[in-house]
Amino acid sequence: MIRIAHNAVHARLFDAPREAKLEVHRLLSYKVDGVEHMAAFQNSGWDGQSSYFSHAKDSFPAGFVRLVAQGLRKAGYEIQIVAKPLPEPLGPELPEVDPFGYTERYDYQPKAIDQLIRHGNIIVQVATGGGKSRIARMAMRRINRPTLFLTTRGILMHQMRKAIETMEGSSCAVLGDGAWGIPYRKPDGSEARRLTKFTVGMVQTLAQRLAVKTVGPEYEALRNRRATTAGKKIEAMRKKLAAAKTPPTEAREQMRLLIEKLDQELPTDAQDRAEAERKVAEHERLRLATVEILKRFELVIAEEAHEVSGDSFYNVMCALPNARYRMALTATPFMKDDQAANMNLLAACGPVAIQITEKLLIDRGILAKPYFKFVQLAEADKPKGLFRSTGWHRAYELGIVTNLARNKAICQELMLATRHGLNGMVLVQHKAHGELLLDMLGKVGLRAMFIYGEDNQDERQAALAALGDGSIDVLIGSTILDVGVDVPSIGIVVLAGGGKAEVSLRQRVGRGLREKKGHLPNIALIVDFADDFNTHLLTHARQRRAIIEATPSFVEGIVRDFDYRGLGLKPRAPEAIAA
């Protein structure tokens, strides 16, 4: 019999024969991203594969326990899993998290919590609109132990902070985005920071604090920063002298004096090394304090964790040794091109335990029924200078951003939709594209706003509120609308920015799938483009369409054109449109 012993982070094989270890190595193998550019791959017999199994310690990440046990049983081995029992949940079976209570339509939400309690570490795959935030809050109150809500985006973190504060009626501590706990004064008058039972944090902040730093690299970075600063001052002086047409002899003298002055101001190597040592010591103090803080959490909830590149997310999860309960919430797990990034999510959180699909949510009326139209422009509308073989960046500029016929088609689709009482959202990738469309929509009489990465959270919320209350007809947005914004009910979504990534496509389609209330039918219209004038653009367009065609409850909604009357939408009176 092979025993697999594990805690929250690590697992280890006992009494496993060599063949079983090799099987575990195979099960946990993955292709290293970018291996084709590595000398070790090019110049040796290495096949480019690595594995999460350590032969030296017979160990692997705890998230793989169920996968390894299943694989070994399938190979004919008898398996015993050894671990401490999970801590008992301390909250009620159906905790109150908001005024809406529990209904059969949303029965998958408490089922997700049941799976968490049963297995301890799970991924909940829930389509956009399925209520990830509510599932997270239900888990917090059901487990009712110190919890860290972990995300990669500040806007998601602050949304959850506000939701927790509303639920609890008290402040929620933040670890990230410039904040570190809730400040308070000790009895002796000194200032300190405290956590709350439910705390929110950002992966990036915690990963930076957990990183191990040494003096050598810190010293080099300090010297490089000084050299860069001095170089900028020298270049600024050179430009100033040139602009003033300073005689060459005088210019050389002034440059000599500046360089001499900068050399005199430059600290010595010993001073910079001392400064580097001070910084490393201070960081080590913060790192150790962070290690101790993370030991307090018994439940960790990771939202949109699939977005993290590299090992940041995994390293933070490994620093939570007492978080026996782990739940990742994502609509799109394991969809990165980098196999290691996909494996990191599984290693840290375990396998998918429950799937809440778009089809389930649409069938229950939780999401609107989508209809997809793929606009194909006439050959006569092909932009000048755009060919099948045009390179990607130039093709994107000509075929998407400045494509007049394409942008006119966007305006026409939005004009028709607004005449039938629908508001609209246009999703772009480039700021210049959004600005062009904003100008064009204004010229055809549509009230529009454009928000992009430079806008702050208050401006975003104001624009979304304007769309929701009818102050504007159309909201144009960049990728900041892909995740983490509570959008109002949208009638038509135009995917104006192209692209091919499945994660972002599903997020953008999901912007329009919020359930429609009132007099409108529960539908959403989605507009995309064939983009067939260029090989790169056409390839991406086909990939987007293939995703829609492969998704139940999406594929049935592909149409040549929108039948507004057949969908139950009536044209508004001219005076209503003018208003």
Considering all heavy atoms of both residues, which atom of [X] and which atom of [Y] are nearest to each other, and what is their separation?
| X | Y | value |
| --- | --- | --- |
| T357 | A127 | C-CB, 3.9 Å |
| L210 | A319 | CD1-CB, 3.7 Å |
| P333 | V352 | CG-CG2, 4.3 Å |
| D473 | L467 | O-CD1, 3.7 Å |

| request: Keeping to residues at least two apart or across chains, list the salt bridge (Lys or Arg N to Asp or Glu O under 4.0 Å) pairs with something in residues 556-570. | output: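 Listed by first then second residue: K373-D561.
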| query | Which pairs, with at least one residue in residues 352-367 and sequence neighbours excluded, count as a salt bridge (Lys or Arg N to Asp or Glu O under 4.0 Å)? | reply | D107-R364, E358-R506, K359-D363
| said: Could you tell me if the side chain of R388 sits less than 4.5 Å from the side chain of L538, heavy atoms only? | reply: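 Yes, their side chains come closer than 4.5 Å.
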| request: Show your working on salt bridge (charged side-chain N to carboxylate O under 4.0 Å, His left out) between K232 and E235 and close with a plain yes or no. | output: CA-CA 5 Å; K232 288 180 178 179; E235 183 61 24; over 6 Å; no
| message | Quick one, I356 with V124, criterion side-chain contact (heavy atoms from CB on, under 4.5 Å). Give me CA distance, side-chain angles, the key distance, then yes/no. | response | CA-CA 8 Å; I356 300 105; V124 178; 3.9 Å; yes
Reported [atom1]-to-[atom2] distance for the pair [X] and [Y], which is rounded to 0.5 angstrom:
| X | Y | atom1 | atom2 | result |
| --- | --- | --- | --- | --- |
| L404 | R406 | CG | CZ | 12.5 Å |
| K233 | R238 | NZ | CZ | 15.5 Å |
| R134 | M167 | CZ | CE | 11.0 Å |
| R514 | N522 | CZ | CG | 12.0 Å |
| F297 | L150 | CZ | CG | 9.5 Å |
| K516 | L513 | NZ | CG | 6.5 Å |

| In terms of ring plane angle, is the pair F554 and F372 parallel, tilted or perpendicular, where the classes change at 30° and 60°? | tilted
| field | Pairs touching residues 375-387 that satisfy side chain to side chain donor-acceptor pair (under 3.5 Å), sequence neighbours left out | value |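 Every side chain to side chain donor-acceptor pair (under 3.5 Å) pair that includes a residue of residues 375-387, provided the two are not neighbours, is Q376-D532.
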| field | CA sep, side-chain torsions, deciding dist, call: V428, L437, side-chain contact (heavy atoms from CB on, under 4.5 Å) | value | CA-CA 10 Å; V428 299; L437 289 169; 3.9 Å; yes
| task | Run the numbers on H540 and D531 for side-chain hydrogen bond (donor to acceptor under 3.5 Å, both in side chains), then give the verdict. | result | CA-CA 8 Å; H540 289 186; D531 291 331; over 6 Å; no
| task | Could you tell me whether E515 and R105 have a side-chain N and a carboxylate O separated by less than 4.0 Å? | result |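 Yes, E515 and R105 are salt-bridged.
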| Passes side-chain contact (heavy atoms from CB on, under 4.5 Å), I476 versus L441? Steps please. | CA-CA 10 Å; I476 306 167; L441 290 170; 3.8 Å; yes
| said: When you measure from the side chain of T229 to the backbone of R225, do you find a donor-acceptor pair of N or O atoms at a distance under 3.5 Å? | reply: yes
| H158 side chain to D177 main-chain N or O, any donor-acceptor pair under 3.5 Å? |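 Pair absent, no side-chain N/O of H158 close to backbone of D177.
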| Validation row, ring centre F562 to ring centre H420 under 6.0 Å |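 Between F562 and H420, the centre distance exceeds or equals 6.0 Å.
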| field | L436/T402 under side-chain contact (heavy atoms from CB on, under 4.5 Å): CA gap, chis, key distance, verdict | value | CA-CA 8 Å; L436 278 172; T402 62; 4.1 Å; yes
| field | Atom CZ of R542: over 12 foreign heavy atoms under 6.0 Å | value |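 No - once you tally the heavy atoms of other residues, nucleotides and ligands closer than 6.0 Å, there are 12 at most.
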